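Worksheet: the structure to be examined is printed underneath.
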Amino acid sequence: MHASHDPAAPAADAILFDDFLKVDIRVGTVVSAEPFPEARQPAYKLLIDFGPAIGCRKSSARITDRYDLADLPGRQVAAVVNFPPRQIGKFMSQVLTLGFADSQGAVVLFAPDQPVPNGSRLF
């Protein structure tokens, strides 16, 4: 899925600013989080509210190493909202929740450090 998690990896090939604008990254608030025992790799099923224009969307997120289910509702996260839905087992993931790998390879969620309106777009 990813080119490299290595922080020492070189930067990816250059893209045009218009290419960046095609990726719609928005902030939403986790409404609910559930276990996803059928996933091949440990993951949670998230329902994320991206505000009135986009609404609530589902996401499969491999964040079990750093996050407890009970701590996720109410938390803001960033996600790509304009990728096509992806079937993961019996679950249809509608957005890609974003994060970075820590030094052990566990995913740390990418989110604003202060509350922002749901649906806010990254720029």
Side-chain angles (χ1 to χ4, degrees):
M1 178 200 291
H2 304 283
S4 175
H5 290 294
D6 182 359
D13 293 339
I15 62 171
L16 299 175
F17 188 70
D18 286 344
D19 294 326
F20 169 73
L21 292 176
K22 292 176 186 176
V23 181
D24 194 351
I25 300 172
R26 305 281 183 117
V27 167
T29 299
V30 177
V31 175
S32 64
E34 301 175 15
F36 190 6
E38 307 87 7
R40 287 186 209 164
Q41 296 182 351
Y44 294 143
K45 296 178 188 177
L46 305 179
L47 182 63
I48 306 167
D49 181 2
F50 291 99
I54 295 173
C56 290
R57 300 281 175 93
K58 298 182 286 183
S59 180
S60 171
R62 295 186 344 214
I63 56 173
T64 58
D65 290 337
R66 293 282 178 245
Y67 301 93
D68 291 326
L69 281 172
D71 297 332
L72 292 167
R75 181 185 187 98
Q76 286 197 301
V77 297
V80 176
V81 298
N82 65 331
F83 282 156
R86 184 172 179 183
Q87 189 75 41
I88 301 174
K90 295 181 180 180
F91 183 75
M92 182 65 72
S93 188
Q94 299 170 306
V95 299
L96 175 64
T97 303
L98 300 175
F100 295 94
D102 67 11
S103 60
Q104 287 81 43
V107 176
V108 175
L109 289 168
F110 178 58
D113 63 358
Q114 296 182 25
V116 297
N118 285 341
S120 294
R121 187 170 181 177
L122 179 72
F123 63 92

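Since the structure is predicted, the reported quantities are computational estimates derived from the model, not experimental observations.
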Just by distance, do the side chain of [X] and the backbone of [Y] share a donor-acceptor pair under 3.5 Å?
X: Asp6; Y: Ala8; result: yes
X: Asp65; Y: Val107; result: no
X: Ser93; Y: Ser60; result: yes

Single-linkage hydrophobic cluster [X]~[Y], side-chain heavy atoms < 4.5 angstrom:
X: Val81; Y: Val23; answer: no
X: Val95; Y: Ile54; answer: yes
X: Leu98; Y: Phe100; answer: yes
X: Phe123; Y: Leu21; answer: no
X: Val30; Y: Leu96; answer: no

To check you understand the geometry: which heavy-atom pair defines the closest contact between [X] and [Y], and what is its length?
X: Val31; Y: Pro73; answer: O-CB, 3.8 Å
X: Asp24; Y: Arg26; answer: OD1-NE, 2.6 Å
X: Ser59; Y: Thr97; answer: OG-OG1, 2.7 Å
X: Pro85; Y: Met92; answer: CB-SD, 3.5 Å

Looking at [atom1] of [X] and [atom2] of [Y], how far apart are the two atoms once the value is rounded to the nearest 0.5 Å?
X: Leu109; Y: Ile63; atom1: CG; atom2: CD1; value: 4.5 Å
X: Glu38; Y: Phe91; atom1: CD; atom2: CZ; value: 10.0 Å
X: Arg75; Y: Thr29; atom1: CZ; atom2: OG1; value: 11.0 Å
X: Gln76; Y: Asn118; atom1: CD; atom2: CG; value: 5.5 Å

> With sequence neighbours left out, what residues match Asp49 under side-chain hydrogen bond (donor to acceptor under 3.5 Å, both in side chains)?
Replying inline: none
Between side-chain atoms of residues 40-48 and protein atoms elsewhere (two or more places apart, or another chain), which donor-acceptor pairs fall under 3.5 Å?
{"unit_1": "Gln41", "atom_1": "OE1", "unit_2": "Arg62", "atom_2": "NE", "d": "3.0"}
{"unit_1": "Gln41", "atom_1": "OE1", "unit_2": "Arg62", "atom_2": "NH1", "d": "2.9"}
{"unit_1": "Gln41", "atom_1": "OE1", "unit_2": "Arg62", "atom_2": "NH2", "d": "3.4"}
{"unit_1": "Tyr44", "atom_1": "OH", "unit_2": "Tyr67", "atom_2": "O", "d": "2.7"}

>> With salt bridge (Lys or Arg N to Asp or Glu O under 4.0 Å) as the rule and sequence neighbours excluded, what pairs involving residues 88-116 come up?
In response: Arg66-Asp102
